[in-house]
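Right, one structure below, let's go through it.
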Amino acid sequence: LLTTTNLLRKLHLTLKKCLIESPNLGTMYVTGTMPVGALVVLATVACVLAEQNDGGGSHMRQTSNHEHDVDRLHHTLVYFSDEATSIRNKPQGYAVGVNAAVDLIIPGCAFMKAAGLTAPKTAVLHDSIDDLSDLEESYAHAFSTGTGSERIVSDADVFKKLVNAANSLENKNFFTGGNAALIGQHLLETAGDNPRDVMLIAEVGPVLRGLLHPQMQVPSAGAVEEDEVHLILEFGKDDTWGDFTAPRANRFIITHDRTNAEMQPLDIFPEALVEFESETAVVFSGVHMLEAEPPAFRLKKLHQAKAWLDNVPPTLPTHLELASLADHTFVTNIADILMQSVDSIGLNEQELALVALNIADDSNPSPHTEMLSSTSFEAPEVAVVADVVHWLFQTLGTATSRLNRIHFHTLAFHILGNVKGAWSSPAGAVAWGALTCSQRACRASDVAMNASLVGHAEHRMPETFSLGTASDDDGITMTRRFNPDNAVITWERDGIEYALAPVLVCTPPEKTVGLGDSISAAGLEAHEFLLRN
């Protein structure tokens with residue numbers, strides 16, 4: 001059945017090309033005036049060509065990234081995204097909390113110079129920024145590895161001086177910041193004419209209020225007089241700083257944010273939901289901001305969040321968005337206390353590795369432990385991610401757990417899995433998330449238009465890849481060959497439905513901050529929660 005479905009999708013794409021390349025033939029097909037015999041021949045040829053494109057034969061060749069391939073992959077992602085259009089068009093309500101701030105985005109190397117900082121001899125990612133040398137070494141680590149990281153500056157006076165240095169730069173931009181605010185922004189920006197209510201349950205100052213979507217609702221208790229500021233230090237691929245060279249574009253974030261570090265808006269969450277008169281999906285983020293707080297305080301806030309989440313009716317979906325973390329004990333606390341109290345979690349390769357390594361034990365070891373601990377996991381293989389995500393479902397998705405959905409994203413691909421029957425098909429949602437990522441990174445004006453992608457984007461998928469180390473069963477082939485015409489892949493394993501979508505990676509990206517938040521928001525708005533009924 002899956003083989004037949006995939007061939008029909010390929011046939012559909014082939015016929016679309018015919019419509020463009022041969023107007024007479026396309027008109028005959030669309031109007032139904034094409035002779036049946038001609039349609040059968042065309043269908044047969046299309047299916048044979050599709051099978052050949054799937055990699056018939058044993059000759060291994062390098063995956064091409066020609067503009068034609070980018071165009072084909074883009075059309076495939078659009079095709080699958082269109083399957084979720086009816087879901088995106090339905091009335092939707094979201095309560096999103098709890099972290100929001102003003103992001104001051106600046107070129108990282110220029111900022112370091114303005115702040116009087118120089119490249120160190122060693123690159124070390126410190127758990128927190130306690131002095132300026134910690135900042136130099138931590139930025140050097142993010143810069144030299146191309147990884148996105150976020151760290152808290154412990155001294156308020158030091159951070160104030162760093163903000164002044166950032167404001168002294170001519171090349172600076174103010175944007176909406178904080179995971180919750182960014183997710184809320186995306187949900188409203190993509191609503192179009194469709195009815196959609198979003199409440200941002202966070203503390204919002206005057207600058208942030210001016211940056212937010214005009215239809216964003218903020219509870220009365222969330223309005224404050226002063227904004228929290230986060231510094232976003234961006235760097236590009238092949239940028240140099242001292243002896244370091246950036247292997248890819250990314251960003252390093254520094255904050256000194258007491259409001260969000262103490263998760264103060266959590267106190268107004270129940271009251272705000274009463275004020276919000278919409279049937280609501282709850283999106284919860286900002287937990288990582290607690291990391292620098294004393295362990296006892298962190299546990300208190302996590303249990304407060306759990307108690308509130310446990311009171312959300314099971315007919316309303318809840319989603320936990322993770323972010324950059326370093327403290328292994330805190331990661332374990334989040335997994336033990338929160339992850340089984342939500343329906344869905346969103347995370348990237350760094351967060352996946354940390355969660356898996358810290359909740360594993362001798363009786364239940366994580367698969368691919370050595371790979372998760374190595375620097376090569378910064379560009380993870382599909383098989384490794386698929387196995388670890390499946391292991392998370394088996395470990396956290398117990399009979400007493402609420403967890404039924406995991407949305408993973410990395411630079412080259414996204415994987416979305418859900419318990420069968422809990423959500424609609426993951427294919428359209430994961431494709432929409434991948435398209436959204438490319439649109440945001442390339443600053444394309446329309447996600448359905450590929451003019452901004454062709455010539456400025458490429459895929460990073462290997463020629464062949466595996467969907468995991470499990471043996472082939474039920475006719476599902478675990479080893480696949482990349483084909484831009486059939487790039488969105490679905491499979492099922494132990495009652496979990498999975499979908500994979502490659503990403504058209506913008507080269508170079510116009511924007512890196514907030515991409516993970518937009519990906520998760522896109523996946524949620526295109527994925528229907530069936531347990532609501």
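On a predicted model such as this, the values are computed, not experimentally measured, just so you know.
In this structure the side chain of Val287 never reaches within 4.5 angstrom of the side chain of Leu322, judged on heavy atoms. Between Val78 and Leu435, the closest side-chain pair of non-hydrogen atoms falls below 4.5 Å. Using a 4.5 Å heavy-atom threshold, the side chains of Leu411 and Val505 count as touching. Looking at His409 and Leu515, their side chains never come closer than 4.5 Å, going by heavy atoms from C-beta outward. The shortest distance between side-chain heavy atoms of Leu73 and Asp485 does not fall below 4.5 Å. Here the side chains of Val385 and Phe413 are in contact, with some heavy-atom distance below 4.5 Å. Side chains of Met289 and Glu150 form a contact here, defined as non-hydrogen atoms less than 4.5 Å apart. Side-chain contact between Leu325 and Ile334 is present, with at least one heavy-atom pair separated by less than 4.5 Å.
In this structure, a donor-acceptor pair under 3.5 Å is present between the side chains of Ser285 and Asn99. There is no side-chain donor-acceptor pair under 3.5 Å between His319 and Asp343. With 3.5 Å as the limit, one finds no donor-acceptor pair spanning the side chains of Asn250 and Thr147. Side chain to side chain, Asn179 and Glu321 fail the donor-acceptor criterion of an N or O pair below 3.5 Å. Side-chain atoms of Asp494 and His390 form a donor-acceptor pair, as typed in the model, at a separation below 3.5 Å. For Glu381 and His368, the side-chain atoms include no donor-acceptor pair closer than 3.5 Å. There is no side-chain donor-acceptor pair under 3.5 Å between Trp491 and Glu497. The closest side-chain donor-acceptor pair between Asp387 and Thr469 falls under 3.5 angstrom. Side-chain contact check for Thr410 and Glu349: at least one donor-acceptor pair (N or O, by modelled atom type) lies under 3.5 Å. Between Glu378 and Thr145, the side chains place no donor N or O within less than 3.5 Å of an acceptor N or O (distance only, hydrogens not considered).
Aromatic ring orientation, His414 versus His407: perpendicular (interplanar angle above 60°, classes split at 30° and 60°). Ring geometry, Phe284 versus Phe269: the interplanar angle falls from 30° to 60°, so the pair is classed tilted.
Contact between His213 and Gln185 at its shortest, heavy atoms only, is N-OE1, 2.6 Å. Here the closest non-hydrogen pair linking Phe377 and Met371 is CB-O, 3.3 Å. Contact between Ala499 and Val430 at its shortest, heavy atoms only, is CB-CG1, 3.7 Å. Contact between Met461 and Val382 at its shortest, heavy atoms only, is CE-CG2, 4.1 Å. Heavy atoms only, all atoms of each residue included: Ser401 and Leu396 are closest at OG-O, 2.8 Å. Contact between Ile337 and Lys306 at its shortest, heavy atoms only, is O-CD, 3.3 Å.
Checking side-chain atoms of Arg481 against main-chain N and O of Thr464 turns up no donor-acceptor pair under 3.5 Å. The backbone N or O of His328 sits less than 3.5 Å from a side-chain atom of Thr332, completing a donor-acceptor pair. Using a distance-only test at 3.5 Å, with no hydrogens or angles considered, a donor-acceptor pair links the side chain of Arg88 to the main chain of Ser81. Listed for the Thr280 side chain is no donor-acceptor partner under 3.5 Å among the backbone atoms of Tyr94. In terms of modelled atom types and a separation under 3.5 Å, the side chain of Thr369 and the main chain of Ser366 share a donor-acceptor contact. The closest donor-acceptor contact from the side chain of Trp432 to the backbone of Ala427 lies at 3.5 Å or more, if one exists at all. Between the side chain of Thr85 and the backbone N or O of Asp82 there is at least one donor-acceptor pair closer than 3.5 Å. Judged by distance alone, with hydrogens and angles left aside, the side-chain atoms of Thr490 form no donor-acceptor pair with the main-chain N or O of Tyr498 at under 3.5 Å. Remark: side-chain polar atoms of Asn358 are paired, donor with acceptor, to backbone N or O of Leu354 under 3.5 angstrom. In this structure, the side chain of Arg196 engages the main chain of Leu187 through a donor-acceptor pair within 3.5 Å.
For the side chain to side chain contact (heavy atoms under 4.5 Å, CB included) test with Ile345, the passing option among Ile406, Leu352, Val355, Thr318 is Ile406; the others fail. Exactly one of Leu403, Thr398, Leu309 qualifies for a side chain to side chain contact (heavy atoms under 4.5 Å, CB included) with Gln340. That residue is Thr398.
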Exercise. Take His186 and Glu525, measure what side chain to side chain donor-acceptor pair (under 3.5 Å) needs, and give me the verdict at the end.
Key: CA-CA 10 Å; His186 172 92; Glu525 68 180 341; 2.9 Å; yes
Quiz item: Taking it one step at a time, do Leu182 and Ser518 satisfy side chain to side chain contact (heavy atoms under 4.5 Å, CB included)?
Solution: CA-CA 7 Å; Leu182 289 168; Ser518 294; 5.9 Å; no
Exercise. Run the numbers on Asn364 and Thr395 for side chain to side chain donor-acceptor pair (under 3.5 Å), then give the verdict.
Key: CA-CA 8 Å; Asn364 183 29; Thr395 302; 3.0 Å; yes
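Salt bridge Glu528/Lys90: present, at least one basic N to carboxylate O contact under 4.0 Å. Taking the charged nitrogens against the carboxylate oxygens, Asp310 and Arg402 have no contact shorter than 4.0 Å, which rules out a salt bridge.
In this structure, the side chain to side chain donor-acceptor pair (under 3.5 Å) partners of Asn260, at least two apart in sequence or on a different chain, are Asp257. In this view, Asp336 satisfies the side chain to side chain donor-acceptor pair (under 3.5 Å) rule with no residue, not counting sequence neighbours. Scored by the side chain to side chain donor-acceptor pair (under 3.5 Å) test, His303 finds no partners at all (sequence neighbours excluded). Residues passing the side-chain contact (heavy atoms from CB on, under 4.5 Å) test with Ala429, sequence neighbours excluded: Leu416, Ala526, His527. For Ser374, the side chain to side chain donor-acceptor pair (under 3.5 Å) partners at least two apart in sequence or on another chain are Ser376.
Within the structure, salt bridge (Lys or Arg N to Asp or Glu O under 4.0 Å) pairs that include any residue of residues 404-431 comprise Lys420-Glu492 (at least two apart or interchain).
Separation of atoms OG1 (Thr176) and CG (Asp517) is listed at 11.5 Å; rounding is to 0.5 Å. Going from atom CG of Leu188 over to atom CG of Asp197 covers 8.5 Å, rounded to the nearest 0.5 Å. The OG atom of Ser438 sits 7.0 Å away from atom CG of Leu77, with the distance rounded to the nearest 0.5 Å. The CG atom of Leu392 sits 11.0 Å away from atom CD1 of Ile496, with the distance rounded to the nearest 0.5 Å. Atom-to-atom distance recorded for Asn418:CG and Asn404:CG is 7.5 Å, nearest 0.5 angstrom. Atom CG of residue Asn333 and atom CG of residue Leu338 lie 9.5 Å apart, to the nearest 0.5 angstrom.
Taking the six-membered ring for Trp, His459 and Phe482 have ring centres closer than 6.0 Å.
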